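Below is one structure, written out as structure tokens, with a few remarks after it.
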Amino acid sequence: MDMVLDFLKNTGFGLADYRHGLMIAVGIGFIYLGIAKHYEPLLLVPIGFGILMGNVPVFKGLGLGIYEPGSVLNYLYFGVRQGIYPPLIFLGIGAMTDFSTMLGRPKLILLGAAAQLGIFVTFLAALALGFPSKEAASIGIIGGADGPTAIFLTSKLAPELVGPIAIAAYSYMALVPVIQPPIMYLLTTKEERLIRMSDPRSVSKREKIIFPIVGFLLCCFLAPAALPLLGMLFFGNLLKECLVADRLAQTARTALIDIVTIVLGITVGASTQADVFLTAKSVGIFFLGAASFMAATAGGILFAKLMNVFSQDKINPLIGAAGVSAVPDSARVAQMIGNREDPSNYLLMHAMGPNIAGVIGSAVAAGVLWSFFM
Amino acid sequence: MPGLSAIAAANGWFITAAGLIIVFTCLAVLAAFIARLEKMLFFWDRWVAWLQRLKRRESLYSAPGPLAQESPGQPLEVSSAPTIPLSGESLEVYQYFQWLTRLEGDVFSLCRVLEKAEKRGIPRPHFHLDELLRLGLIEELPGEDRGFYRWTPGIIVQHEEKAPHGAEPL
């Protein structure tokens, strides 16, 4: 009888408390949002299942938990801790991204820079709330709306916060269609939302090949700490554009990025063990992350309006919101809101420019923050 | 030590200002480079073309063929490229379209060229572009670049009065 009781005590049911139940509910919520609502399913489903895996209470010392050295999950988590997975994801993103909309109208790149305002505003807010500077920088990067960048910087500056920050970043990325529209309506007038933009010029193949090489050199000479992310992003894009390495580009944008996304999603999810994750700090991170995202959206929109003051060629300020990266969801939201005002106004193509510039901008911002706290 | 003093103690203001300046500078330099890239490539192409012309001319002078030896009074470059004669008005429109497309680069979109021509008040731009296409002066690119056009290389356009005898004027 004692043996049976001991066995029952050591099962998940015996070891669980309310925190495990709460985190399991969060995991199921993520899976629901991914499957039923189609919010970033490729991210939310693995992360959601990872949360379930990380929150099955296990007997400490058996080498099963993600934080226990020698466990399978711990080995997989090595790629997150050391910042290996994010550059590999950037390689895949580079190999699947067409930069021509950005190259066709280069001034839209500045919107991608303006949207990084959210990162630095939140960094200041986190410092003011008493977070240590490295943690404040990691929280601020959530405003870049770029999961891999957020994980990369956090793994370098505040590894213990990778779980909450990654979950916050991916949650807000998934919630782009919910978070951004109210800010877009608040900061723009109906006339501004109706602005039609002229077509960007066509971009030659040579320009597309030269861009990743020169873009990489320019950005990394100015912000060398962005090298792992931008190097892989531009390298992936060169593979895609040069056409002679199509096999490599194909692998980078399909098999490689899929494998890394699966492993990253599962391990980030599993890192949210209830005893580590459910802290007051995590709650603060979630609030600041939301603020960061909103400030980034506002920064892009307001800068687009500022550019309209000085420019003859008017920009629809809605596309400024796409500067927060979150490719391509924030560009889709700009298209959706513009389309509501004028069903024949197609903003998606224009919004992709700042959207992609936002990826570069957030990687540069992460590099800058990392270099300040190295 | 929360509040503004915490920001100052962690050099928050400096990091924010420096961070924003670096991000903006980085992307502004990138934007400036991209904006000039097309023009740089255009000048590069002209430079390469000029070098090639120079090389061709040098090779013609350094190794004179039997034709040059026998008749020194004849022009050295004998072109076998097809010549298309155009009337004065058509030639002017042709040159105008060449100027418009030069701003677009080697490869251009007809819609965009038409839009520009209309803005600049060229009369009947559709008609003229159609003529240029029909005469084979402009050609559509093959493969994945289908939908984009370029000037057909190797064609000489001349005023109908200067064109070789027998060529039909437009």
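To find a chain, count down the sequence lines: A is the first, B the second, and so on, and within it residues start at 1. It should be emphasised that the depicted structure is a prediction, and the values quoted were computed from it without experimental measurement.
For the atom pair Glu207(A) CD and Asp106(B) CG, the distance stands at 9.5 Å (nearest 0.5 Å). To the nearest 0.5 Å, atom NZ of residue Lys205(A) and atom CG of residue Leu141(B) are 12.5 Å apart. The distance from the CG atom of Leu20(B) to the CZ atom of Phe123(A) is 11.0 Å, given to the nearest 0.5 Å. Taking CG of Leu127(A) as the reference point, atom CD1 of Ile7(B) lies at 6.0 Å (rounded to 0.5 Å). Atom CG of Asp199(A) is separated from atom SG of Cys111(B) by 8.5 Å, given to the nearest 0.5 angstrom.
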Practice item. Evaluate the criterion side chain to side chain contact (heavy atoms under 4.5 Å, CB included) for residue pair Leu41(B) and Ile210(A); output intermediate values, then yes/no. Key: CA-CA 10 Å; Leu41(B) 286 174; Ile210(A) 292 170; 3.7 Å; yes

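Taking 4.5 Å as the limit, every side-chain heavy atom of Leu27(B) sits out of range of all side-chain heavy atoms of Gln116(A).
Within a 6.0 Å sphere centred on CH2 of Trp47(B), heavy atoms belonging to other residues, nucleotides or ligands number 12 at most. More than 12 heavy atoms of other residues, nucleotides or ligands lie within 6.0 Å of CZ in Arg196(A), so this atom counts as buried by the packing criterion. Atom CZ of Phe14(B) has 12 or fewer neighbouring heavy atoms from other residues, nucleotides or ligands inside a 6.0 Å radius. Within 6.0 Å of NZ in Lys314(A) there are more than 12 heavy atoms belonging to other residues, nucleotides or ligands. In this structure, Tyr94(B) places its OH atom where more than 12 heavy-atom neighbours from other residues, nucleotides or ligands lie under 6.0 Å away.
With a 4.5 Å cut-off on non-hydrogen atoms, Leu110(A) touches chain B through its backbone and its side chain both. Heavy atoms of Asn11(B) lying under 4.5 Å from chain A are absent altogether. If you measure heavy-atom distances from Val23(B) to chain A, the contacts under 4.5 Å come from both the backbone and the side chain. Contact of Phe131(A) with chain B is not made at all, since no heavy-atom distance falls under 4.5 Å. Interface residue Glu38(B): backbone and side-chain heavy atoms are both found under 4.5 Å from chain A. Residue contact with chain B, scored on non-hydrogen atoms closer than 4.5 Å, involves the side chain of Leu369(A) exclusively. Ala226(A) does not touch chain B: none of its heavy atoms, backbone or side chain, sits under 4.5 Å away.
Contact record, Ser202(A) with Phe148(B): CB-CE2, 3.2 Å, taken as the closest heavy-atom pair. Of all heavy-atom pairs spanning Ile15(B) and Phe373(A), the tightest one is CD1-CZ, 3.5 Å. Of all non-hydrogen atoms in Cys219(A) and Cys26(B), the two that sit nearest each other are CA-SG, 3.4 Å.
Judged by distance alone, with hydrogens and angles left aside, the side-chain atoms of Arg201(A) form no donor-acceptor pair with the main-chain N or O of Arg112(B) at under 3.5 Å.
Using cut-offs of 30° and 60° on the angle between ring planes, the pair Phe24(B) and Phe303(A) is tilted.
When the candidates Ile22(B), Leu30(B), Val107(B), Val29(B) are compared by the number of heavy-atom contacts under 4.5 Å with chain A, Leu30(B) comes out ahead. Contact count versus chain B (heavy atoms, under 4.5 Å) is highest, among Ser133(A), Gly361(A), Ser204(A), for Gly361(A). For chain B, the option among Ala126(A), Ala357(A), Ala114(A) with the highest count of heavy-atom pairs below 4.5 Å is Ala114(A). Residue with the most contacts toward chain B among Val364(A), Val368(A), Val214(A), Ile360(A): Val214(A) (heavy-atom pairs, distance under 4.5 Å).
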